[in-house]
Amino acid sequence: MKEQVKQPEREPCPHAKKCGGCQLQNMSYERQLEWKQAKVINQIGRYCKVEKIIGMDNPYNYRNKVQAAFGRDGKGKIISGVYQSSSHRIVSVDKCMIEDKTADKIIVTIRKMLPEFKLTAYDERTCQGFLRHVLVKRGFATNEVMVVLVTSTPIFKNQKPFLKKLLELHPEITTVVLNVNDKFTSLVLGKQEKVLFGKGYIEDICCGCRFRISAKSFYQINPVQTEKLYSTAVDYAHLSGSETVLDAYCGIGTIGMVASRKAGKVAGVELNADAVKDAIYNAKLNDIKNCWFTCADAGQFMERMAAEGESADVVFMDPPRAGSDNKFLGSLIHMGPKRVVYISCNPETLARDLGVLTKGGYKALRAQPVDMFPHTNHIECVVELIRQKQ
Ligand code: SAH
C-alpha cells in the first residue's frame, strides 16, 4: 500500500538538510507518533503489550538544555550552531524549533559580543582561539538560567566587562560557569570548572521535588514530558510504602526521590560524581530522609549487593543509550527483585536487555512509550517487568 504523505504542520526548518537533528520533521506530528509507536512495537512487541505513545500538546521549543559549537566560517566570521550531521563542520543556527527560545537568544548575544571584547572562537584545525562551546540550561519551573562558557584556556580576557554586559542584556541569567576544555576531543565539557557569577548551578522542579542541576550532571531535556515519564515509572513500580527500592543509573536522583514518598527506602547508584553530589544535596533540599546515593558503576554495585546477599523489592533502571550490561543484568537476575521498571531511551538496546531479563525469569507486562524528543527519531519507553520464578 502506498503510504499517505501528510503535509508538515509548519514551514520546514531552513537548517534541516545540513543539521540533521530533526530527522522526522517532514512528517506531521501525528505521523511521527505513529512512526515511533510502530518502531517500539517492532522492537519489543514480542515481549509485551505496547500502550499508545504519550505525545506533547505543543511539541516545540521543549529543550531546556541547548548547546552551541563556536567556530569561524570560510571568511573568518564567527559562527555558532550545531555540527553538521556526521561531520565536524558547524552549521550556523540562531533559532531552532525544538530549543528553548531564551537559550537561543543568549547564544546569539554571546556570539555578537565576542569581537567587541577581543575574544575569539576556537578553531578545531589549528587548536587556536578562545570560545569552544556555549551551553545553556534553563529550569522551566523556576526560570533559573545557567550559562556555561566552554573555553580552551582559563585565561579570560576582559572577563569582568564581558560578564557585566552579558548580564545587562540578559538579566534572566542566574549563574555563569567557566568550563575549561583544553583537550583535542569531541566531548563538549572539560574537567576544570570555575563559577564566574551566581551559585554555579540551577534548580528546577519536577513531580513536586526541587532539583539542583550542575553543569556536568544529566537532567532530562524535556521537562513537560519528564513529569509523564516519571509518573508512569512510579506507577509501574506499584509501591505500597514499605519497599526497598534501587534507582540504578540515577543521575541527580530524580526518579528515586519521586518514588521515595511511596517507598520504605531508596538506594541510588550513578557513575558521574558531580551528579551524585547533586543527588545527595537534592535529598536534603527536599527533606527526604530515606534516600542514599553511591558513586559507582551500576554493574559493579549490583555485583557487590548480590555477593553480600542484599536485595531490593523494586529496581528502577534508566541506563544510557548503550543500554545495560551483563554484569548488571546478571546480578539483577541473581538478586531477583519482584519488580523491575526499565526506563529506556533506545528501543534497540531495550529489546536486547529484555531478551536477557526474560531468559532470566522475568516477564514484561506492558510498555509505555513517551515522546520526549519530538521531530527527532529518538524514542523513550518505560517497561514494567515482574519476576515469574525464583
Ligand atoms: N535516571 C536519571 C538519569 C538517566 S541518564 C534521570 O532520569 O535523570 C543515564 C545516567 O546513567 C547518566 O546520569 C549517566 O551518568 C549514568 N551512567 C552511565 N553509565 C553508568 C554506569 N556504568 N553506572 C552507573 N551510572 C551510569
Side-chain angles (χ1 to χ4, degrees), residues 63-65 137 139-141 187-189 191 201-237 245-260 263 266-283 286 291-306 312 314-332 340-346 349-350 353 368 370 372-373 378-383:
R63 276 195 76 103
N64 59 7
K65 175 182 133 181
K137 294 186 182 187
F140 279 21
L187 291 180
V188 172
L189 296 175
K191 266 199 184 138
Y201 57 85
I202 54 162
E203 289 181 3
D204 196 21
I205 299 164
C206 178
C207 295
C209 290
R210 207 175 167 92
F211 296 106
R212 171 175 103 175
I213 306 148
S214 301
K216 286 185 215 156
S217 304
F218 176 91
Y219 185 62
Q220 299 284 352
I221 57 99
N222 183 336
V224 172
Q225 294 300 86
T226 303
E227 293 254 347
K228 299 172 192 166
L229 180 76
Y230 287 174
S231 329
T232 306
V234 174
D235 188 30
Y236 280 9
V245 172
L246 180 69
D247 179 8
Y249 310 91
C250 72
I252 59 170
T254 43
I255 297 174
M257 271 180 243
V258 174
S260 70
V266 178
V269 59
E270 160 65 44
L271 195 57
N272 176 329
D274 285 349
V276 176
K277 271 189 215 150
D278 284 347
I280 293 167
Y281 177 94
N282 286 332
N286 291 283
C291 289
W292 290 268
F293 297 94
T294 307
C295 183
D297 166 71
Q300 277 174 10
F301 180 83
M302 287 293 274
E303 248 182 3
R304 223 181 312 138
M305 263 185 96
V314 176
V315 172
F316 289 100
M317 54 184 290
D318 184 9
R321 287 181 56 74
S324 192
D325 55 23
N326 286 336
K327 207 182 259 184
F328 183 93
L329 296 170
S331 315
L332 179 73
V340 175
V341 180
Y342 194 140
I343 300 115
S344 156
C345 56
N346 182 352
T349 53
L350 171 66
D353 293 349
Q368 176 67 66
V370 179
M372 298 285 282
F373 316 103
H378 295 285
I379 306 178
E380 188 88 15
C381 202
V382 188
V383 182

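Just so it is clear, the model here is predicted, and its values are computed rather than measured. All heavy atoms count here, side chains included; hydrogens, waters and symmetry mates do not. Counting starts at 1 for both ligands and their atoms, following the listed order.
Between H378 and F373, the two ring planes are perpendicular [angle over 60°; tilted spans 30° to 60°].
Side chains of D278 and S214: a donor-acceptor N/O pair is present below 3.5 angstrom, by distance only. S324 and D353 share no side-chain donor-acceptor pair at under 3.5 Å.
Among residues two or more places apart in sequence or in another chain, the side-chain contact (heavy atoms from CB on, under 4.5 Å) test is passed with S344 by Y342, L350.
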Run through all N or O atoms in ligand 1 and write down each protein N or O closer than 3.5 Å, as a pair with its distance.
{"unit_1": "ligand 1", "atom_1": "1 (N)", "unit_2": "Y249", "atom_2": "O", "d": "3.1"}
{"unit_1": "ligand 1", "atom_1": "1 (N)", "unit_2": "D318", "atom_2": "OD2", "d": "2.8"}
{"unit_1": "ligand 1", "atom_1": "7 (O)", "unit_2": "Q220", "atom_2": "NE2", "d": "2.9"}
{"unit_1": "ligand 1", "atom_1": "7 (O)", "unit_2": "Y230", "atom_2": "OH", "d": "2.6"}
{"unit_1": "ligand 1", "atom_1": "7 (O)", "unit_2": "D318", "atom_2": "OD2", "d": "3.1"}
{"unit_1": "ligand 1", "atom_1": "8 (O)", "unit_2": "Y230", "atom_2": "OH", "d": "3.3"}
{"unit_1": "ligand 1", "atom_1": "8 (O)", "unit_2": "T254", "atom_2": "OG1", "d": "3.4"}
{"unit_1": "ligand 1", "atom_1": "13 (O)", "unit_2": "E270", "atom_2": "OE1", "d": "2.8"}
{"unit_1": "ligand 1", "atom_1": "13 (O)", "unit_2": "E270", "atom_2": "OE2", "d": "3.3"}
{"unit_1": "ligand 1", "atom_1": "15 (O)", "unit_2": "E270", "atom_2": "OE2", "d": "2.6"}
{"unit_1": "ligand 1", "atom_1": "22 (N)", "unit_2": "D297", "atom_2": "OD1", "d": "2.7"}
{"unit_1": "ligand 1", "atom_1": "23 (N)", "unit_2": "A298", "atom_2": "N", "d": "2.8"}
{"unit_1": "ligand 1", "atom_1": "25 (N)", "unit_2": "L271", "atom_2": "N", "d": "3.2"}

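Taking each heavy atom of Y249 and P320 in turn, the nearest pair found is CD2-CD, 3.9 Å.
With respect to N282, the side-chain contact (heavy atoms from CB on, under 4.5 Å) criterion is satisfied by exactly one of M257, R210, E203: M257.
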